[in-house]
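One structure is given here, and the rest of the page talks about it.
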Amino acid sequence: MRRTHRCGELRPAHLGQQVTLMGWVRARRDHGRLIFLDLWDHQGVTQVVADPRASADAHGTMHAIRDEYVIAVQGVVRARPKGTQNPELATGEIEVAATAVEVLNATAPLPFPTDDADSVDEVLRMRYRYLDLRRASMQRNLRLRHKAVKALRDYLDGDDFVEVETPVLTRSTPEGARDYLVPSRIYPGSFYALPQSPQQMKQLLMVGGVDRYYQVARCFRDEDLRADRQPEFTQLDLEMSFVEQEDVLSLVESMMVHLVRTLAPDRRLTVPFPRLTHDEALDLYGTDKPDLRLGMPLVDCTALLGESEVRIFSDVVAADGRVKGFCAPGYGTASTADLEALQSLSRTLGAEGIIWLQVTSHGVASPVARHLTPEEQRGLVEALGAAPGDLLILVAGATDVIHGALDGLRRDVGRRLSLAAADLAFAWVVDFPLLKWDGEERRWNAEHHPFTHPQPDDLDRLTTDPGSVRASCYDLVCNGWELGSGSLRVHERALQEQILALLAFTPEEAEASFGHLLEAFDYGAPPHGGFAVGIDRLVAILAGTDTIRDVIAFPKTRQASDLTMRAPAPVTPAQLDEIHLRVVPRKA
RNA sequence: GGGGGCGUAGUGUAGGGGUUCAACAUGCCGGCCUGUCAAGCCGGAGAUCGCGGGUUCAAAUCCCGUCGCUCCCGCCA
């Protein structure tokens, strides 16, 4: 038997045709005489009927068949009797009357149902990922991912980009995340590293005159996992020569708009994407990846409360801290339990706690209300733009701490109030600082990476006031996710050496780690810049899921293990010998 | 590394010291049934409650430890 059609394909136009379908059995319905089953493949479902009068053999086989058996059905397409059509099925007007049924593979009862109805423990889903992938939502996600990548490739292909593959076995570089290392058999004691990103390679491609490069690149970082972080992940990595920041932003923005208009035309977009400076983002939302769907910007109330009788406020202000807060519209209905949950969340996030005020038509209700003057109460309501029925949430403390806490509180309140619509709230965050101070190690670190070009206006402060130098660096955020980031790169040897020196590399270390790049800059490196989009996150947002695991065929667990392949796993002593390694058990 | 959540028949859940505490749904096995489509009806099998220890006359239930999954912080240039 050979398959003639897919399971979602047959229509009344095929009536009378002899067809052969192959697929998985779903929902067998045995009426004794008539037996129905739904034959499923990735494309759809067709009802198959066995009638003992038509074929005793086919009927007998279908009696013995169970759910998820893989079968081939030969039969005739016929119209369903009046009143038995199923309008919920694309193939619902027809059915296939089986004349021959062949079991291609019998199936044991599945460890969990594939019908999407119940949520199943993720251990099982991961262990039997191939069964999980039979579920409609996972099928949708995988195909959405394929279409998204194709749309991005098509867009770049139409704009003179060329996809170039770069090595996965490459060199460990200092800074950044922990590398995944691969021992060398041929060079005892030496290691390849899996790339954290193709950053240096794509810069070398620019020196090589490629001009516009992209790659759907697998990247590896040996750090702890999150819902939006896997140790291996995929970036749409791109780089362009002879460009300014604006060129990169506008290319990426049109590419994303193209993608959304192609794949999700009903999702609302704000175009052009709003732009925030890094400072503005922190000031307004306490984070550099704000979810703009939520509204509720932060307001600084420090000046308003500096003289307050409320000790928490005055103490913090006296200690050079700040008081900031936001207004949760309509959340005056928060119960005591809700408020306690917010208190506890704020402490988890490192703050001392929150001060809440319920705004009513005759003032504010709050544990601290009687310690606030009428002017202070009015001032707060006005500054936070509150109306009766709203809840004000204030946090006092050091700026970093209250920003972290308010960011978390704002997102939590957003969830509680279901403020996140189906929009795709893209935004650019620009003007990142070039460097950040590492207080513990008492040295500067690159905010983005060491190859980021300082903004030209700030170049002269590189020696006098490094912390104030802004970078030509930009992030794309969407719905509270960091979707991608990029920068203009240093292409001048002297400047790169100066920056590496600021990052506490001795000339010898710089030469050892980045000599190949520095040397390349001597041989005609064009000005260049680029970007990288996190494909897993992008598809997760489009798919409407909370975790990138749902858009990765075989993801890893929180403990970085692959439950399907059971990796990582020990290897034989002979294998270790070959790569000159000995495993030393960790001392207890 | 730190904090939180979860773990009970194949699956999803209920039960929160004793006395229908091992239950419900679904799946599975068998039977009946000419039109179902999450088929229906009847019958049956299936869990020593993740694992180990402790408290107690008595533990699925309380305590400690451990393992696994998960969320957040740290970390992620």
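Throughout, protein chains are lettered first and strands after them, A, B, ... in sequence-line order, and every chain is numbered starting at 1.
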### Query
Does OP1 or OP2 of B/C33 have a side-chain N or O of A/Arg29 closer than 4.0 Å?
no
### Summary
Between CD of A/Gln47 and C1' of B/A39 the distance, given in whole Å, is 11 Å
### Query
Rounded to the Å, how far apart are A/Trp481 CH2 and B/C72 C1'?
15 Å
### Message
Counting C-beta onward and ignoring hydrogens, is there a side-chain heavy-atom pair between A/Phe514 and A/Pro174 closer than 4.5 Å?
### Response
yes
### Query
Closest nucleotide of RNA chain B for A/Arg226 versus for A/Lys436: which of these residues is on the 5' side?
A/Arg226
### Query
Say you pick atom P in B/G5 and the same atom in B/G65; how far apart are they, in whole Å?
14 Å
### Query
Salt-bridged, A/Arg347 to A/Glu352, with N to O below 4.0 Å?
no
### Summary
Test side chain to side chain contact (heavy atoms under 4.5 Å, CB included), reference A/Arg489, set A/Met206, A/Gln496, A/His453, A/His449, output is A/His449
### Query
Looking only at atom P, what distance separates B/C57 and B/G52, rounded to whole Å?
23 Å
### Query
Angle class for the A/Phe531/A/Tyr474 ring planes (parallel below 30°, perpendicular above 60°, tilted otherwise)?
parallel
### Query
Name the one of A/Asn141, A/Asp132, A/Val539 that satisfies side chain to side chain contact (heavy atoms under 4.5 Å, CB included) with A/Asp550?
A/Asn141
### Message
Once you apply a heavy-atom cut-off of 4.0 Å, does A/Glu122 come out as touching a base, just sugar-phosphate, or nothing?
### Response
sugar-phosphate
### Query
How about A/Asp237 and A/Gln199: does a side-chain donor come under 3.5 Å of a side-chain acceptor?
no
### Message
Please confirm whether the shortest side-chain N or O distance from A/Thr557 to OP1 or OP2 of B/C69 is below 4.0 Å.
### Response
yes
### Task
Choose from B/C37, B/C28, B/C71 the nucleotide whose nearest atom is closest to any side-chain atom of A/Arg549.
B/C71
### Task
Name the residue closer to the 5' end of RNA chain B, choosing between A/Arg33 and A/Leu110 according to the nucleotide with the nearest heavy atom.
A/Leu110
### Task
Please determine if a side-chain N or O atom of A/Ser561 lies less than 4.0 Å away from the OP1 or OP2 oxygen of B/C69.
yes
### Sugar-phosphate only, base, or nothing, as touched by A/Asp121 at under 4.0 Å among non-hydrogen atoms
sugar-phosphate
### Message
Say we look at B/G15 and B/G53: how far apart would their P atoms be, to the nearest angstrom?
### Response
28 Å
### Task
Assign A/Gln85 to base, sugar-phosphate, or nothing according to its heavy-atom contacts below 4.0 angstrom with the strands shown.
base
### Query
Is a salt bridge present between A/Glu68 and A/Arg26, judged by a nitrogen-to-oxygen distance below 4.0 Å?
yes
### Message
Checking contacts here: which listed nucleotide (B/G35, B/C71, B/G12) is nearest the side-chain heavy atoms of A/Val120?
### Response
B/G12
### Task
When you get a sec, tell me which of B/G12, B/U34, B/C37 is the closest nucleotide to the side chain of A/Thr84?
B/C37
### Query
Taking the side chain of A/Pro111 as its heavy atoms from C-beta onward, which of B/C76, B/G10, B/G74 lies nearest to it?
B/G10
### Query
Using a cut-off of 4.0 Å on non-hydrogen atoms, how would the nucleic acid contact of A/Ser197 be classed: base, sugar-phosphate, or nothing?
base
### Query
Of all the choices, B/C37, B/U70, B/C76, which nucleotide is nearest to the side chain of A/Arg221 once you look at every atom?
B/C76
### Task
May I ask you to say what A/Glu482 touches in the nucleic acid, namely base, sugar-phosphate or nothing, with a heavy-atom cut-off under 4.0 Å?
nothing
### Summary
Per atom distances to the A/Arg80 side chain, the nearest of B/C37, B/C69, B/C72 is B/C37
### Query
OP1 or OP2 of B/G35 less than 4.0 angstrom from a side-chain nitrogen or oxygen of A/His31, does that happen here?
yes
### Query
Taking the side chain of A/Arg53 as heavy atoms from C-beta outward, which of B/U11, B/G74, B/U34 is closest to it?
B/U34
### Query
Does A/Arg66 put a side-chain nitrogen or oxygen below 4.0 Å from OP1 or OP2 of B/G27?
no
### Query
If you look at every strand shown and take non-hydrogen atoms under 4.0 Å, does A/Arg78 touch a base, only sugar-phosphate, or nothing?
base
### Message
What's A/Gln196 touching, base or sugar-phosphate or nothing? Going by heavy atoms closer than 4.0 Å.
### Response
nothing
### Query
Between B/U11 atom C1' and A/Asp132 atom CG, what is the distance in whole Å?
13 Å
### Message
Regarding A/Glu447, tell me which of base, sugar-phosphate or nothing describes its non-hydrogen contacts under 4.0 Å with the strands shown.
### Response
sugar-phosphate
### Task
Using a heavy-atom cut-off of under 4.0 Å over every strand shown, decide if A/Leu37 touches base, sugar-phosphate, or nothing.
nothing
### Query
Do A/Phe112 and the base of B/U11 stack face to face, with centres under 5.5 Å apart and an angle between planes under 30°?
no
### Summary
note: A/Leu349, atom CG; B/G4, atom P; distance rounded to Å ~ 14 Å
### Message
Checking contacts here: which listed nucleotide (B/C76, B/U34, B/C37) is nearest the side-chain heavy atoms of A/Glu223?
### Response
B/C76
### Query
When only distance counts, do a donor and an acceptor, one from the side chain of A/Arg347 and one from the base of B/G2, lie under 3.5 Å apart?
no
### Query
Among the nucleotides B/C76, B/C72, B/C37, which one has an atom lying closest to any side-chain atom of A/Ala177?
B/C76
#### Entry: Check ion pair A/Glu482-A/Lys289 (N to O, under 4.0 angstrom)
no
